[in-house]
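Inspection log for the structure reproduced underneath, given as structure tokens.
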Protein chains: 2
Amino acid sequence: MSSSQSGASSPVRRGRRPGQPETRQVILDAARARFASDGYTATTIRKIAADAGVDAALVMQYFKSKDELFATVLSVPAHALMRMTDAWRGPEVGIGERVARAFLEVWENDPTASEPLLAMLRGAMSTEQAAAQLRDFIEDRLLIGVSAHLRGDDPDTRLRIGIASAMLVGIIVARSVVRVPTVANVSLESIVSATATALQPLLASE
Amino acid sequence: MSSSQSGASSPVRRGRRPGQPETRQVILDAARARFASDGYTATTIRKIAADAGVDAALVMQYFKSKDELFATVLSVPAHALMRMTDAWRGPEVGIGERVARAFLEVWENDPTASEPLLAMLRGAMSTEQAAAQLRDFIEDRLLIGVSAHLRGDDPDTRLRIGIASAMLVGIIVARSVVRVPTVANVSLESIVSATATALQPLLASE
DNA sequence: CCTAGATATCAACACGCGTTGATATGCTTC
DNA sequence: GAAGCATATCAACGCGTGTTGATATCTAGG
């Protein structure tokens with residue numbers, strides 16, 4: 001898919017294309033998908049350009065550098081963020097399942113959120129820039145935005161929230177990145193159920 | 001550190017160096033450290049060679065290619081493997097803490113094991129080769145070698161073991177890769193304790 | 001229509017990469 | 001001490017990368 005011109009006579013269309021251009025968005029979508037599936041270093045401007053059916057130089061014209069393009073890709077939609085933080089408030093009964101379900105459904109079923117998140121996660125393994133981004137995302141967006149909801153924010157509570165988040169990230173790694181069969185070839189519902197069993201005693205008062 | 005010759009007259013020593021050479025091991029150690037801390041793609045033969053105080057071509061002479069060197073680096077010492085699988089056998093009382101402690105201590109306190117493991121984990125994010133290696137490691141070494149110890153090996157049991165392993169990997173990611181402050185700036189003992197709280201109901205009969 | 005600017009491609013750059021073949025030096029054996 | 005092998009460096013290759021400046025084409029405004 002994503003080939004370029006159809007059946008005209010000239011070899012390659014050179015200048016501006018007719019119609020109102022949506023090229024910037026097309027490039028951004030291609031970049032998001034590439035960064036999410038291949039990681040930062042393995043993703044090249046030329047591959048993104050090819051996916052978008054566009055010259056590599058045009059990518060540089062819209063986004064000044066690969067780094068800036070990557071940074072743009074990493075923005076997570078607000079609705080997904082809210083979904084993940086809101087799950088922590090509410091009664092302690094069932095908090096394990098609520099959190100597990102919200103988190104995993106966002107990471108697995110919502111492409112507009114999971115692609116930036118996966119790009120961040122994959123990038124964090126190879127570039128310090130992405131690691132810092134993911135660090136701040138978990139520390140500032142999740143941990144701090146959440147610990148207020150959950151019986152104060154003593155250090156022990158924050159640690160438990162951090163551990164729970166880390167565990168959920170681990171499940172994403174196993175399912176979406178490493179694809180361990182035992183964990184990957186199973187319905188989300190089974191995963192949510194088992195994960196909830198583990199998170200519940202961590203997050204409820206003992 | 002790791003500069004080369006000291007104060008002689010000739011510009012660079014060219015041929016074989018005197019004494020019995022331990023160069024292969026020096027290169028391997030440098031490679032292990034680099035792959036563990038920078039990941040596969042960001043690690044270059046030239047950097048490894050510089051760390052080892054050696055020409056890049058020599059690295060290629062000992063290990064035929066970057067891939068082969070990487071594969072050599074990935075071998076996990078048997079004692080560490082045993083430590084991680086043995087923790088699952090024994091009484092159900094305290095199994096959460098036993099498993100968490102064994103796993104985390106190997107990954108954090110035993111450099112000869114944690115460097116290959118971290119290299120595998122980081123590499124899994126950017127190259128399918130390493131992902132496959134880590135997949136087989138978890139699936140074949142851990143899951144299968146372990147499910148026999150734990151009340152049969154029905155699918156549900158194997159899933160719980162898989163989830164527990166994934167969660168432990170998540171904690172390593174948070175502490176050693178992403179370095180989320182709330183989780184990273186805390187004693188291993190606190191982490192083991194909180195992790196055990198979560199793993200216990202997952203691994204013991206309910 | 002003509003000009004200005006936005007949108008697009010093209011050709012080339014300097015760089016770092018993995019890898020290779022030639023060559024130099026030290027060790028070991030006869 | 002000469003031969004032969006192991007150990008080491010050097011110089012270069014072809015390639016793919018991010019990035020840049022020149023140029024072509026289309027659209028909008030006077």
Side-chain angles (χ1 to χ4, degrees), chain A residues 2-6 8-28 30-31 34-35 38-73 123 126-127 129, chain B residues 2-6 8-28 30-31 34-35 38-73 123 126-127 129:
Chain A
S2 89
S3 66
S4 22
Q5 74 288 359
S6 46
S9 55
S10 75
V12 177
R13 278 284 235 26
R14 188 78 130 78
R16 178 174 186 169
R17 292 200 285 258
Q20 127 186 339
E22 54 184 66
T23 315
R24 198 193 129 99
Q25 193 57 45
V26 173
I27 294 175
L28 195 51
R34 275 289 177 184
F35 280 127
D38 297 354
Y40 178 81
T41 25
T43 296
T44 69
I45 298 281
R46 285 167 161 91
K47 278 187 207 153
I48 293 172
D51 289 352
V54 135
D55 189 272
L58 190 57
V59 177
M60 304 294 292
Q61 216 150 40
Y62 277 113
F63 311 88
K64 300 181 36 173
S65 67
K66 185 185 179 184
D67 276 1
E68 198 165 304
L69 174 55
F70 186 56
T72 307
V73 155
S126 43
T127 80
Q129 179 203 2
Chain B
S2 89
S3 66
S4 22
Q5 75 288 358
S6 46
S9 55
S10 75
V12 176
R13 278 283 236 27
R14 188 74 132 69
R16 179 173 188 173
R17 292 200 286 257
Q20 127 186 337
E22 53 184 67
T23 315
R24 199 192 129 99
Q25 193 57 44
V26 172
I27 293 175
L28 195 51
R34 274 288 178 186
F35 280 126
D38 297 354
Y40 178 81
T41 25
T43 296
T44 69
I45 298 282
R46 285 166 159 91
K47 278 186 206 155
I48 294 172
D51 288 353
V54 136
D55 190 273
L58 190 57
V59 177
M60 304 294 293
Q61 218 150 37
Y62 278 112
F63 311 88
K64 300 182 37 174
S65 68
K66 184 185 180 184
D67 276 0
E68 196 165 305
L69 174 55
F70 186 56
T72 307
V73 155
S126 43
T127 80
Q129 178 203 2

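Each chain gets a letter, A, B and so on, in the order its sequence line appears, and its residues count up from 1.
- Side-chain contact between B:L69 and B:L28 is present, with at least one heavy-atom pair separated by less than 4.5 Å.
- Rounded to whole Å, the distance from CZ on B:F70 to P on C:dT19 is 14 Å.
- Taking side-chain N and O atoms only, B:T23 has no distance below 4.0 Å to OP1 or OP2 of D:dT7.
- Taking CZ from B:R46 and CG from B:D51, the interatomic distance works out to 14.5 Å, rounded to the nearest 0.5 Å.
- Residue B:T41 is classed as having no contact, given no heavy-atom separation below 4.0 Å to the nucleic acid.
- The side chain of A:R46 lies closest to D:dT19, out of C:dT19, D:dT9, D:dT19.
- Counting to the nearest Å, the C1' atom of D:dA6 and the CZ atom of B:R24 are 14 Å from each other.
- Atom-to-atom distance recorded for A:K47:NZ and A:F35:CZ is 11.0 Å, nearest 0.5 angstrom.
- Considering only the side chain of B:D55, D:dT9 comes nearest among D:dT9, D:dA12, C:dT9.
- Rounding to the nearest 0.5 Å places CZ of A:R24 at 12.5 Å from CD of A:Q61.
- Taking atom CD of residue A:Q25 and atom C1' of nucleotide C:dT7, one finds them 17 Å apart after rounding to whole Å.
- Among the nucleotides C:dG18, C:dT9, D:dG18, the one closest to the side chain of A:T44 is D:dG18.
- Of the candidates C:dG21, C:dA8, C:dG18, C:dG21 carries the atom nearest the B:A57 side chain, counting heavy atoms from C-beta on.
- Rounded to whole angstrom, the span from the NZ atom of A:K64 across to the C1' atom of D:dG21 amounts to 16 Å.
- Interatomic distance, B:T43 OG1 to B:F70 CZ, rounded to the nearest 0.5 Å: 8.5 Å.
- Contact annotation: A:Y62 reaches the phosphate of C:dA8 (side-chain N/O to OP1 or OP2, under 4.0 Å).
- Taking atom NZ of B:K66 as the reference point, atom C1' of D:dG16 lies 14 Å away to the nearest angstrom.
- Closest to the side chain of B:M60, from the set C:dT19, D:dG18, C:dT9, is C:dT19.
- For the pair A:L58 CG and C:dT9 C1', the interatomic distance rounds to 9 Å; values are reported in whole Å.
- Taking atom CD1 on A:I45 and atom P on C:dA8, their separation rounds to 16 Å, with Å as the unit.
- With the nearest nucleotide of DNA chain D identified for both A:Q61 and A:A56, A:A56 has the one nearer the 5' end.
- Taking atom NZ of A:K47 as the reference point, atom C1' of D:dC15 lies 14 Å away to the nearest angstrom.
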